[in-house]
Amino acid sequence: QVQVVESGGGLVQAGGSLRLSCAASGSIFSINAMGWYRQAPGNQREFVAQIISGGNTYYADSVKGRFTISRDNAKNTVYLQMNSLTPEDTSVYYCKVNLRSHQSTYDTNYWGQGTQVTVSS
């Protein structure tokens, strides 16, 4: 069994900052990549940022220079530091972890339940 749990969402004024956390736990053999997606009402889920096992990071153009993704390998945890937030960043943020469990011979994506981020103008 693998669990993915996000935390850190909330309400913030435009220009403010928030830090999201996502922890993967359970029967994990290895983690290939951890990332963040977001989905606003009426929109499709979109990519925000990803960090892979070698440490390389990738960002959506809309968040480059404002968001920073980082990872604590010892804790199987990924963070998303969000600065200079705007109302357009308001969404439910989801964590996705691509990993190999002890019970499997292939990699699987696991998603968290989502955490709401609301940016007021």
Side-chain angles (χ1 to χ4, degrees):
Q1 284 286 71
V2 173
Q3 297 81 40
V4 175
V5 179
E6 303 108 332
S7 61
L11 173 64
V12 64
Q13 288 189 331
S17 299
L18 279 175
R19 189 175 86 148
L20 306 182
S21 300
C22 168
S25 62
S27 184
I28 299 171
F29 176 73
S30 63
I31 294 179
N32 304 309
M34 305 181 83
W36 292 93
Y37 291 70
R38 65 187 183 186
Q39 187 169 19
N43 291 353
Q44 291 188 336
R45 191 171 297 188
E46 64 176 9
F47 169 77
V48 176
Q50 183 185 54
I51 184 167
I52 63 176
S53 58
N56 287 352
T57 58
Y58 305 90
Y59 296 93
D61 288 343
S62 59
V63 306
K64 278 181 183 176
R66 300 187 300 122
F67 291 10
T68 302
I69 190 169
S70 61
R71 177 174 165 180
D72 185 333
N73 291 329
K75 296 181 179 180
N76 289 338
T77 298
V78 63
Y79 305 96
L80 186 68
Q81 178 66 43
M82 306 185 293
N83 298 329
S84 302
L85 286 162
T86 73
E88 288 68 39
D89 295 315
T90 296
S91 282
V92 177
Y93 283 71
Y94 296 90
C95 177
K96 185 180 85 170
V97 182
N98 182 267
L99 61 82
R100 178 83 54 93
S101 72
H102 285 289
Q103 289 76 33
S104 179
T105 58
Y106 51 87
D107 301 331
T108 303
N109 289 324
Y110 290 86
W111 290 87
Q113 80 288 352
T115 185
Q116 176 70 47
V117 172
T118 303
V119 184
S120 64
S121 57

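Note that this is a predicted model, so its numbers are computed, not measured.
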- State plainly whether one hydrophobic cluster holds both Met34 and Ile28, where clusters connect Ile, Leu, Val, Met, Phe, Trp and Tyr through side-chain heavy atoms under 4.5 angstrom apart. yes
- Query: In a check of side chain to side chain contact (heavy atoms under 4.5 Å, CB included) between Trp36 and each of Ile69, Ile51, Val63, which one passes?
  - Reply: Ile69
- Task: Kindly determine whether Met82 and Val12 satisfy side-chain contact (heavy atoms from CB on, under 4.5 Å), including the steps that lead there.
- Result: CA-CA 11 Å; Met82 306 185 293; Val12 64; over 6 Å; no
- Message: For Val119, is there any backbone N or O sitting under 3.5 Å from a side-chain donor or acceptor partner on Thr90?
- Response: yes
- Task: Of all the heavy-atom pairs spanning Ala14 and Ser121, show the shortest one and how long it is.
- Result: CB-CA, 4.3 Å
- Mark yes when over 12 heavy atoms from residues, nucleotides or ligands other than Gln13 sit less than 6.0 Å from its CD; otherwise mark no. no
- Task: Tell me whether Phe67 is reachable from Tyr79 by hopping between hydrophobic residues (I, L, V, M, F, W, Y) whose side-chain heavy atoms are closer than 4.5 Å.
- Result: no
- Check Val2 against Ser27 and note the closest heavy-atom contact, atom names and distance. CG2-O, 4.2 Å
- Task: Would you give the length of the straight line joining atom OH of Tyr59 to atom CZ of Arg66, rounded to the nearest 0.5 angstrom?
- Result: 12.0 Å
- Query: Could you state the interatomic distance from CZ (Arg19) to OG (Ser7), rounded to the nearest 0.5 Å?
  - Reply: 9.0 Å
- Message: If hydrophobic clusters are built by linking Ile, Leu, Val, Met, Phe, Trp and Tyr wherever their side-chain heavy atoms come under 4.5 Å apart, do Tyr110 and Val92 end up in the same one?
- Response: no
- Atom pair OG1/CZ of Thr105 and Arg100 - distance to nearest 0.5 Å: 6.5 Å
- Item | Working for side-chain contact (heavy atoms from CB on, under 4.5 Å), residues Arg38 and Ser62 | CA-CA 12 Å; Arg38 65 187 183 186; Ser62 59; 3.5 Å; yes
- Message: Do Val97 and Ile52 land in one hydrophobic cluster if side-chain heavy atoms of ILVMFWY residues count as linked below 4.5 Å?
- Response: no
- Item | ring pair (Phe, Tyr, Trp, His ring centres under 6.0 Å) partners for Phe29, two or more places apart | His102
- Message: Measuring from atom CD of Gln113 to atom SG of Cys95, what distance do you get when rounded to the nearest 0.5 angstrom?
- Response: 9.5 Å
- So, Asn32 and Ser53: side-chain donor and acceptor under 3.5 Å apart, yes or no? no
- Any link between Val48 and Val117 through a network of hydrophobic side chains (Ile, Leu, Val, Met, Phe, Trp, Tyr) touching at under 4.5 Å? yes
- Message: Looking at every non-hydrogen atom in both residues, tell me the closest pair between Gly9 and Leu20 and how far apart they are.
- Response: N-CD2, 3.6 Å
- Message: Has Ser91 got a side-chain atom pairing as donor or acceptor with Tyr93's backbone, closer than 3.5 angstrom?
- Response: no
- Message: Rounded at 0.5 Å granularity, tell me how far CD in Glu6 sits from CG in Leu80.
- Response: 11.0 Å
- Note on the structure: Rounded to the nearest 0.5 angstrom, the CG-CD distance for Leu18 and Gln81 is 8.5 Å
